[in-house]
Chemist: 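Quick one: structure below, then a few questions.
Source: prediction; values computed, not measured. Below, chains carry the letters A, B, ... as their sequence lines are ordered, and counting in each starts from 1.
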Amino acid sequence: MLNYSIRRLLLAIPTLIAISLIIFLLLDLAPSDPTANLPLTIPPEVREKIRQSLGLGDPIYIRYLLWCKQFFVNEPLNILEQWFGWGSGDRLRVLSWQTRSPVVDLIVERMPQTLWVVGMSYVVGVLIALPIGIISAYRQYSWFDQIGTFVSMVGFSVPTFFTGVLVIVIFSVWLGWFPSIYDTTHQVTDWESFLFQVRQMIMPVAVLALFNAAQISRFMRASMLDNLNQDYVRTARAKGLRERTVVMIHVLRNSLIPVVTVIALGVPQIFGGAIITEQVFKVNGLGQLLIISIQGGDLPTVQTLTFIFAVLIIVFNLVADVLYGILDPRIRYD
Amino acid sequence: MSEDGAAVLDVKDLRTVFETAQGAIHAVNSVSFDLRPGELLGVVGESGSGKSVTMMSLIGLLGTTAATVDGAHVNFDGMDLLRVTEDELRAVRGAGIGFVFQDPMTSLNPVFTVGFQLMEPLRNHMGMTTREARQRAVELLELVGIADAEKRLSDYPHQFSGGMRQRVMIAMALSCDPKVLIADEPTTALDVTIQAQILELMKELRHKLGMAIVWITHDLGVIAGIADRVMVMYGGQIVELAPVIELFKNPQHPYTRALLQTVPSVRGSRAERLRVIQGQPPILFSPPQRCSYSARCNHAFDRCLAADPARISVGDGHDVACFWDPETGEPR
Ligand SMILES: Nc1ncnc2c1ncn2[C@@H]1O[C@H](COP(=O)(O)OP(=O)(O)OP(=O)(O)O)[C@@H](O)[C@H]1O
Ligand code: SF4
Ligand SMILES: [Mg+2]
């Protein structure tokens with residue numbers, strides 16, 4: 001397993017380099033202009049100068065190699081040097097065209113909001129999806145299953161920008177229970193501020209959790225149903241095991257194998273940020289950063305963010321495969 | 001085997017109905033039989049004749065399917081299994097009555113070790129500690145002829161061959177010293193040489209442990225070699241029940257006679273060797289109103305369509321449910 005993982009990670013390197021190049025080329029094709037958002041009074045010559053100063057005049061391969069050097073060499077070296085105090089650690093970093101600050105710093109700054117809201121919603125979604133899926137399958141066609149199916153349909157097919165606005169109207173505007181805008185500057189220092197943090201998280205987390213739970217509970221249900229009719233379940237019953245043992249140990253252990261891999265494959269989406277939900281609730285997380293950068297033609301930021309998502313996707317694909325190998329003894333990687 | 005002594009299992013008038021979208025399916029219709037201590041009762045019949053459902057109904061193994069099991073009684077170990085609580089029934093499953101199923105490739109849970117699965121009933125029914133259960137699991141694997149038992153406990157089912165898995169299944173069914181072992185086509189899914197090995201093993205274990213066995217099979221050849229009595233099923237009913245020699249020498253029911261002719265033999269022409277019974281076994285959407293074999297029977301006459309023949313005794317321990325008498329070729 002370890003060998004396999006190492007081999008997969010090594011293989012990922014050329015893949016990722018290819019991906020970074022493709023992203024770069026695609027972004028270069030996009031008709032965006034980093035000066036488009038500047039005031040109209042700026043004359044064209046000045047605009048051209050700005051473009052030149054951003055390096056847009058160089059041939060594309062120079063720009064790509066520059067990004068590679070900044071991201072793959074300078075960034076890690078800077079971090080190492082700062083940690084160990086070897087040197088100044090001030091090599092040229094990947095800079096955002098919009099804010100002129102290092103992209104990695106922007107990402108680090110916005111990561112907590114995204115992890116709190118989107119990550120929490122994923123955890124909550126999984127935690128409610130699993131029991132719902134299990135009970136729905138075990139009591140197939142019961143009223144519980146019917147309601148579960150209906151709620152999943154709704155959660156899955158109604159877009160989050162609709163449910164998001166709906167809960168804002170109901171719970172913020174009419175009832176006034178929760179703030180409609182997520183205050184990212186809020187600091188949790190005591191009990192009071194913690195409660196506020198919880199209150200402002202509830203709506204975005206609930207909206208996203210519903211969406212996540214809808215998919216995962218369906219998946220859990222289908223996987224349980226696949227296994228409930230297997231011969232080994234009959235064997236377990238014939239051994240005189242308690243029904244709870246039969247379902248929660250024998251059936252569940254098998255059913256979880258595909259579900260766990262799906263859950264692992266979904267993790268990169270957390271880091272991608274739920275772009276729409278972050279917009280609706282004004283959470284300034286990574287999703288929002290991506291949107292702003294695209295709108296502002298901020299190529300280094302878009303390039304870096306997209307590349308990091310690609311890395312996460314590849315890593316969690318590997319995690320999913322490794323989990324599969326751990327959970328299913330029939331799978332052997334070597 | 002021993003004719004005397006109370007039956008270990010006494011089934012009277014067992015009926016099982018499945019509720020399906022197409023309607024109620026009467027899969028077991030008024031089945032009565034008994035099983036004597038140490039006896040091996042063979043159960044034969046075509047696919048769909050209700051052999052498995054009958055045996056699963058006895059101990060509530062139909063699971064969560066929409067099935068109703070009803071009857072006069074199923075007496076086992078001083079209890080009426082039709083009228084005990086689910087917990088009492090569960091205590092019988094795997095302890096008093098052991099089950100071996102047809103397909104060893106799918107009957108073991110792929111994600112748990114063989115040791116874990118073997119130890120489960122031991123801990124559950126016999127209250128053994130993990131160490132005691134482990135010890136006993138090793139003995140059981142040795143009993144069914146698995147070499148290197150200690151080490152194999154931590155192997156997963158996929159690391160065993162089909163025949164070895166069936167040995168594990170047998171070990172599991174025997175783990176709590178059951179009084180009755182129900183083997184539902186335990187050799188059907190195996191290839192011929194392995195079949196013979198499993199058969200030998202069962203014969204040997206039977207004499208060593210002395211439990212009563214119900215052996216379900218399609219293969220009359222197997223039955224001839226091991227059974228004491230044979231029960232022939234058709235349409236969810238017992239159409240003939242007789243000691244094994246009597247059944248082969250003097251089959252009474254047209255279905256039994258047809259089955260005996262389908263036994264593949266090396267002699268005779270190819271057409272003769274591959275003779276099968278024409279037609280399909282019935283699916284009963286209501287309790288039988290006529291002889292359920294009448295649609296395929298060569299000897300059917302008007303009475304067969306008007307009523308369902310009752311089971312009558314035609315000799316010492318020989319019962320048949322048919323209106324036609326093969327001796328005279330006339331209605332009885
Ligand atoms: N879960 C179920 N729902 C509806 N009908 C069923 C169900 N299980 C079995 N039956 C019906 O009960 C009848 C008897 O089935 P059973 O499995 O006992 O046959 P069998 O004699 O064991 O056949 P085989 O030799 O193929 O194992 C069949 O007609 C089948 O259609
Ligand atoms: S009762 Fe009639 S139809 Fe049924 S088996 Fe006997 S002869 Fe054939
Ligand atoms: Mg069967």
Side-chain angles (χ1 to χ4, degrees), chain A residues 1 133-145 220-261 321-334, chain B residues 21 52 55-56 59-66 86-114 116-126 154-159 165 168-169 172-173 175-176 178 181-182 184 189:
Chain A
M1 188 79 82
I134 294 167
I135 300 172
S136 292
Y138 190 65
R139 304 234 170 275
Q140 196 186 5
Y141 305 133
S142 65
W143 62 264
F144 184 95
D145 184 27
M220 186 73 233
R221 177 179 181 272
S223 183
M224 285 288 288
L225 285 177
D226 274 350
N227 279 286
L228 273 170
N229 292 322
Q230 297 288 320
D231 286 351
Y232 71 78
V233 181
R234 188 182 54 187
T235 307
R237 291 202 175 105
K239 285 196 285 194
L241 302 181
R242 272 167 220 288
E243 192 61 15
R244 192 150 39 104
T245 313
V246 172
V247 176
M248 297 308 286
I249 293 186
H250 282 259
V251 179
L252 185 61
R253 181 66 172 65
N254 279 276
S255 309
L256 274 179
I257 296 171
V259 177
V260 165
T261 46
D321 281 351
V322 169
L323 281 176
Y324 208 107
I326 292 172
L327 290 175
D328 190 339
R330 286 164 298 185
I331 307 286
R332 278 284 160 270
Y333 300 119
D334 33 39
Chain B
S52 303
M55 297 309 157
M56 309 231 283
I59 54 169
L61 253 193
L62 293 173
T64 45
T65 49
E86 172 55 29
D87 273 348
E88 288 170 307
L89 199 56
R90 197 166 47 70
V92 172
R93 287 203 289 265
I97 301 181
F99 248 95
V100 177
F101 296 105
Q102 171 173 347
D103 194 348
M105 305 311 268
T106 56
S107 293
L108 288 166
N109 194 327
V111 302
F112 293 112
T113 62
V114 160
F116 174 84
Q117 297 185 60
L118 258 174
M119 282 150 64
E120 262 186 317
L122 296 170
R123 292 208 301 247
N124 198 38
H125 294 299
M126 323 260 277
S154 48
D155 280 350
Y156 288 93
H158 73 272
Q159 289 162 298
R165 282 191 224 184
V168 172
M169 283 294 293
M172 213 149 78
S175 58
C176 302
L181 180 72
I182 298 178
D184 191 347

Chemist: For the atom pair CG (B/L61) and CZ (A/R234), what is the distance rounded to the nearest 0.5 Å?
Modeler: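 Separation between the atoms: 8.0 Å.
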Chemist: Drop me the distance from B/Y156's OH to A/D328's CG, to the nearest 0.5 angstrom.
Modeler: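 It comes to 9.5 Å.
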Chemist: Looking at CE of B/M169 and CG of A/D231, how far apart are the two atoms once the value is rounded to the nearest 0.5 Å?
Modeler: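 Atom-to-atom, B/M169:CE and A/D231:CG are 8.5 Å apart.
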Chemist: For B/R123, look at atom CZ and say whether over 12 heavy atoms of other residues, nucleotides or ligands are found less than 6.0 Å away.
Modeler: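 Check passes, neighbour count above 12.
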Chemist: Do you know the tightest heavy-atom contact between A/L327 and B/V111?
Modeler: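 What the structure gives for the nearest pair is O-CG1, 4.0 Å.
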Chemist: With a 4.5 Å cut-off on heavy-atom pairs, point out which of A/L228, A/N227, A/T235 contacts chain B the most.
Modeler: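 So the answer, after comparing A/L228, A/N227, A/T235, is A/T235.
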Chemist: Measure the CD-CG distance between A/Q230 and B/N109 for me, rounded to the nearest 0.5 Å.
Modeler: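 Going from CD on A/Q230 over to CG on B/N109, the span is 9.5 Å.
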Chemist: Counting heavy-atom pairs under 4.5 Å with chain A, which one of B/R90, B/Q159, B/H158 comes out on top?
Modeler: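 Maximum pair count with chain A is reached by B/R90.
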Chemist: Specify the closest pair of heavy atoms between B/P110 and A/P329, including all atoms of both residues, with the distance to one decimal.
Modeler: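 Answer, listing the atom of B/P110 first, then A/P329: O-CG, 3.3 Å.
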Chemist: At a heavy-atom separation under 4.5 Å, does B/L108 approach chain A through its side chain, its backbone, both, or neither?
Modeler: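 It is the backbone, since no side chain atom gets that close.
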Chemist: Look at atom CZ of A/R253 and say whether more than 12 heavy atoms of other residues, nucleotides or ligands are closer to it than 6.0 Å.
Modeler: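 Yes, CZ of A/R253 has more than 12 neighbouring heavy atoms, counting only those of other groups under 6.0 Å.
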Chemist: What's the shortest heavy-atom distance between B/Q117 and A/K239, and which atoms?
Modeler: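 So the two residues come closest at O-NZ, 2.9 Å.
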